[in-house]
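Working notes for the structure below.
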Amino acid sequence: MEDDAPVIYGLEFQARAVTAQTAETDAIRFLVGTQSLKFDNQIHIIDFDDENNIINKNVLLHQAGEIWHIGASPADKAVLTTCYNKTSDSRVVSCAAVWRMPSDWETGSHESPDDSAHNPQTLELLCHLDDSAHGNTACVLWEPMGDGKRLISLADNHALLWDLQESSTQATVSSTATLEGKGQLKFTSGKWSPHHNCSQLATANDTAIRGWDLRTMSQIYCIENAHGQLVRDLDFNPNRQYYLASCGDDCKVKFWDVRNVQEPVKTLEEHSHWVWSVRYNHSHDQLVLTASSDSRLILSNMVSISSEPFGHLVDDEELSEGEDNHQEDKGKEPLKDSVVSTYEEHEDSVYAAEWSSADPWLFASLSYDGRLVINRVPRALKYRILL
């Protein structure tokens, strides 16, 4: 059973921001943002044709500045957010904005792929998400599975909940939360939970992870020293509402049950440098991707803490009741966790990895030298999970 070879696409600029086009569930499509100080920055729309194993691209101009973070609307394929740096009064400011792709972006790419690179179209600015009073924006999060009307931006030590109106051309802050404590506290990243009716947010600052209730904008849990060094990224298990993954500069990936934050449920120590990104597969939560500045991407099978620890679906209540009620599972150990694959197609720090929103077995990773690699879950594991 031969696995497909990875497909590699090179951008001519450095890059660290990638997202799947969340609202697109048919075509396999990723959006990549560049980081160039000398030239106009770009957003590359990458379409992957999995039948022929080839990439089609379309390039849009993002003249506002170098892109540090990119997010796609869950409801409208043409709408996205970027966090970017710009220079104003000889100092660098981190801003955020909501953009719309030109109306013909979907049709433009395939007839003559070279045209879009030579005469790229420009993104249309819908609105800024900048609140100068609240400092530099680190990332913008769309409400998961939402109607594309609610966003959260993390700016310095503020979490701002925005409402988009007038076809996303106006954004107003509906509520805010502030990180309080000694020193200059700053959010580094965050994740909006898809559970609890989308009313919870997890954020990282320094070595701590905090949970917030968005209805009251108050803190609901805090994991003080979640990692030995800076926490870089977070992700929620899509199928188990209390489970959260984190990664950081201590080279570790940790899995938490937020009902008991004294100890992680599991810790992975497979990387040899900072871990920048952790992502649960959207359907099969035992599959976890991690990307690191050791230039490697690792796919792990974390089956023991997944929603299918015995190879079939078990809900949270059954798991917490212990094994007593499980006649058929008595004496049956949960399947073993393992590293499935280590991908070494990158030669520079891998800053981001994302699962496709259209194909649960496919993912993309991006390294700083502008190399985007598309890979698939090994077939043997795919069939073991499915059958």
Side-chain angles (χ1 to χ4, degrees), residues 179-182 185 187-196 199-213 218-281 284-292 294 298-310 314-326 329 332-340:
L179 195 52
E180 283 163 359
K182 292 193 189 112
L185 300 180
F187 288 121
T188 45
S189 70
K191 202 75 184 184
W192 195 326
S193 169
H195 308 294
H196 314 290
S199 65
Q200 291 188 12
L201 166 74
T203 60
N205 69 288
D206 201 26
T207 59
I209 296 169
R210 293 163 204 276
W212 305 82
D213 185 330
S218 55
Q219 192 173 298
I220 42 180
Y221 57 84
C222 177
I223 312 172
E224 274 297 349
N225 289 302
H227 285 263
Q229 295 177 46
L230 188 73
V231 181
R232 290 275 171 196
D233 198 20
L234 305 167
D235 200 19
F236 281 97
N237 184 317
N239 300 331
R240 296 191 69 185
Q241 58 184 350
Y242 299 109
Y243 274 62
L244 173 73
S246 65
C247 62
D249 287 2
D250 56 2
C251 313
K252 293 177 183 167
V253 178
K254 296 187 180 184
F255 298 88
W256 305 90
D257 180 336
V258 299
R259 294 167 298 185
N260 175 17
V261 295
Q262 303 310 311
E263 288 291 320
V265 185
K266 203 96 186 169
T267 301
L268 284 181
E269 301 187 44
E270 299 295 337
H271 286 287
S272 58
H273 205 268
W274 305 347
V275 188
W276 284 83
S277 179
V278 58
R279 287 289 177 270
Y280 275 106
N281 184 291
H284 308 284
D285 56 287
Q286 60 268 57
L287 300 176
V288 178
L289 277 178
T290 53
S292 161
D294 62 8
I298 293 179
L299 174 63
S300 303
N301 188 14
M302 302 304 295
V303 68
S304 72
I305 52 170
S306 74
S307 53
E308 302 187 359
F310 304 100
V314 179
D315 67 25
D316 273 350
E317 277 70 36
E318 288 180 83
L319 285 170
S320 48
E321 281 164 14
E323 299 296 289
D324 313 339
N325 309 347
H326 273 298
D329 285 334
K332 192 174 174 187
E333 287 293 304
L335 301 169
K336 289 272 184 287
D337 298 334
S338 61
V339 168
V340 177

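Numbering of residues begins at 1 and proceeds along the displayed sequence. The model shown is predicted, which means the values in this text are computed figures rather than measured ones.
- Across every non-hydrogen atom of A204 and L234, the tightest pair is N-CD1, 3.9 Å.
- Within the model, atoms OG1 of T267 and CZ of F255 stand 9.0 Å from one another, a figure rounded to the nearest 0.5 Å.
- Between Y242 and H196, the ring planes lie tilted relative to each other; the angle falls in the 30° to 60° range.
- S300 places no side-chain N or O within 3.5 Å of a backbone atom of M302 that could act as its donor or acceptor partner.
- With hydrogens and angles ignored, the 3.5 Å screen pairs no side-chain donor or acceptor of D206 with any backbone N or O of A208.
- Atom CD1 of I223 sits about 5.0 Å away from atom CH2 of W256, to the nearest 0.5 Å.
- Within 6.0 Å of atom CD in Q219, more than 12 heavy atoms from other residues, nucleotides or ligands are found, so the atom counts as buried in its surroundings.
- Using a 4.5 Å heavy-atom cutoff, the side chains of T290 and E270 are not in contact.
- Within the model, atoms CD of Q200 and OH of Y221 stand 6.5 Å from one another, a figure rounded to the nearest 0.5 Å.
- Going from atom CG of L244 over to atom CZ of F236 covers 5.0 Å, rounded to the nearest 0.5 Å.
- Listed by first then second residue, pairs satisfying salt bridge (charged side-chain N to carboxylate O under 4.0 Å, His left out) with a partner in residues 243-256 read R232-D249, not counting sequence neighbours.
- For the pair R279 and D233, the salt-bridge criterion is met [side-chain N within less than 4.0 Å of a carboxylate O].
- The line from CG of N281 to CD of Q286 is 8.0 Å long, rounded to the nearest 0.5 Å.
- In this structure, D337 pairs ionically with K266, as a charged nitrogen and a carboxylate oxygen lie closer than 4.0 Å.
- Between I209 and A226 the shortest heavy-atom distance is CD1-CB, 3.5 Å.
- The backbone N or O of V231 lies less than 3.5 Å from a partner atom in the side chain of T188, making a donor-acceptor pair.
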Inset, instruction - Begin from the C-alpha positions of T207 and N225 and carry the test side-chain hydrogen bond (donor to acceptor under 3.5 Å, both in side chains) through to its verdict. - result: CA-CA 5 Å; T207 59; N225 289 302; 3.1 Å; yes
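- The two residues F187 and T203 have their closest heavy-atom pair at CE2-OG1, 3.3 Å.
- The nearest pair of heavy atoms linking R240 to S306 is NH1-O, 3.4 Å.
- When all heavy atoms are compared, the tightest approach of N301 to V340 is CB-CG2, 3.5 Å.
- Looking only at side-chain heavy atoms (C-beta outward), Y243 and D285 stay at 4.5 Å or farther from each other.
- Between L268 atom CG and C247 atom SG the span is 11.0 Å, to the nearest 0.5 Å.
- The minimum heavy-atom distance linking S272 with C251 is given by the pair C-SG, 3.9 Å.
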